[in-house]
Amino acid sequence: MTPSETLHVLADVHANFEALNVVLDDLPDDDESQIICLGDIVGYGPDPDRCLEALTDRDALLLAGNHDAAACGEMSTKYFNRLASQAAKWTQDQLSENQLATLAGLPERQRKNGLGFYHGSPRQPLTEYITSEPLAADILDDVEESKVFVGHTHKPVYFEKDRATTRAHSIKGDKELDRVNPDTPMILNPGSVGQPRDGDPRASYMTVTFNNDYTLNFRWKRLKYPIEPVQSKIREAGLPETLATRLSRGQ
Ligand code: ZN
């Protein structure tokens with residue numbers, strides 16, 4: 001990847017095709033930009049097969065999330081709550097052998113241009129939630145990359161380390177950070193495409209631009225998508241009602 005290229009970082013699609021479609025439509029389909037999805041492509045939502053197909057069609061780099069691993073049987077659902085394990089079983093039945101094999105083969109980590117990509121965290125890629133400043137500080141002390149991208153919490157945020165202090169910055173709505181020093185230790189979360197949990201129901205994703213002077217631009221973006229059709233499909237599929245109602249609250 002040359003310095004002027006862009007990287008679109010998506011996470012936690014959760015089989016919400018309407019949300020994914022709006023995000024993919026917002027991204028240029030050219031050789032200059034690469035899509036990377038930090039896992040949980042499936043689980044909870046009604047369109048696991050279409051979501052997997054849409055991302056593959058756009059040549060997205062895919063990582064494994066805990067819900068992807070559970071749906072294909074790579075991970076036990078014994079630590080899942082009732083909703084999640086019910087949805088994982090349902091999801092498994094919707095996918096072809098080929099699609100299950102694709103999920104089973106997804107990597108738990110990716111590295112690109114010195115940036116690190118994981119679903120949960122570098123030390124526990126599938127399961128750890130980075131939710132606090134002390135935890136983020138610990139992880140930034142251990143990890144090799146200065147920029148770490150994670151999903152899993154479904155909340156857009158970045159943690160930045162300045163000397164001994166690590167601070168969390170929650171992202172509300174659209175946000176741009178320009179000309180960020182590539183050496184500053186940071187953990188960045190794009191938020192969730194298909195099941196946001198920060199009180200804003202709109203789909204969330206972020207874009208990374210590599211400037212010629214090696215600084216980086218980060219842009220978080222929120223997009224409205226048609227929620228009702230997704231809710232109808234969740235009900236028709238017989239998935240738990242909560243999975244439908246939470247989408248309109250963004251929780
Ligand atoms: Zn998730």
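Atoms within each ligand, like the ligands themselves, are counted from 1 in listed order.
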The atom of Asp12 among N, O or S that is nearest the Zn ion (ligand 1) is OD1

His67 ring center near Phe80 ring center (under 6.0 Å): yes

Practice item. Using 2.8 Å as a strict upper limit, say whether an N, O or S atom of His67 approaches the Zn ion (ligand 1) that closely. Key: no

task = Look at the side chain of His119 and the backbone N and O of Leu38, then say whether any donor-acceptor pair between them is shorter than 3.5 Å.
result = yes

Counting backbone and side-chain atoms alike, does His154 have an N/O/S atom under 2.8 Å from the Zn ion (ligand 1)?
yes

| field | Worked verdict on Asp178 versus Arg219 for salt bridge (charged side-chain N to carboxylate O under 4.0 Å, His left out) | value | CA-CA 8 Å; Asp178 286 338; Arg219 190 193 65 174; over 6 Å; no

To the Zn ion (ligand 1), the closest N, O or S atom belonging to Asp40 is OD2

*May I have the step-by-step check of side chain to side chain contact (heavy atoms under 4.5 Å, CB included) for Phe159 and Arg167, ending in yes or no?*
CA-CA 5 Å; Phe159 296 89; Arg167 291 254 173 273; over 6 Å; no

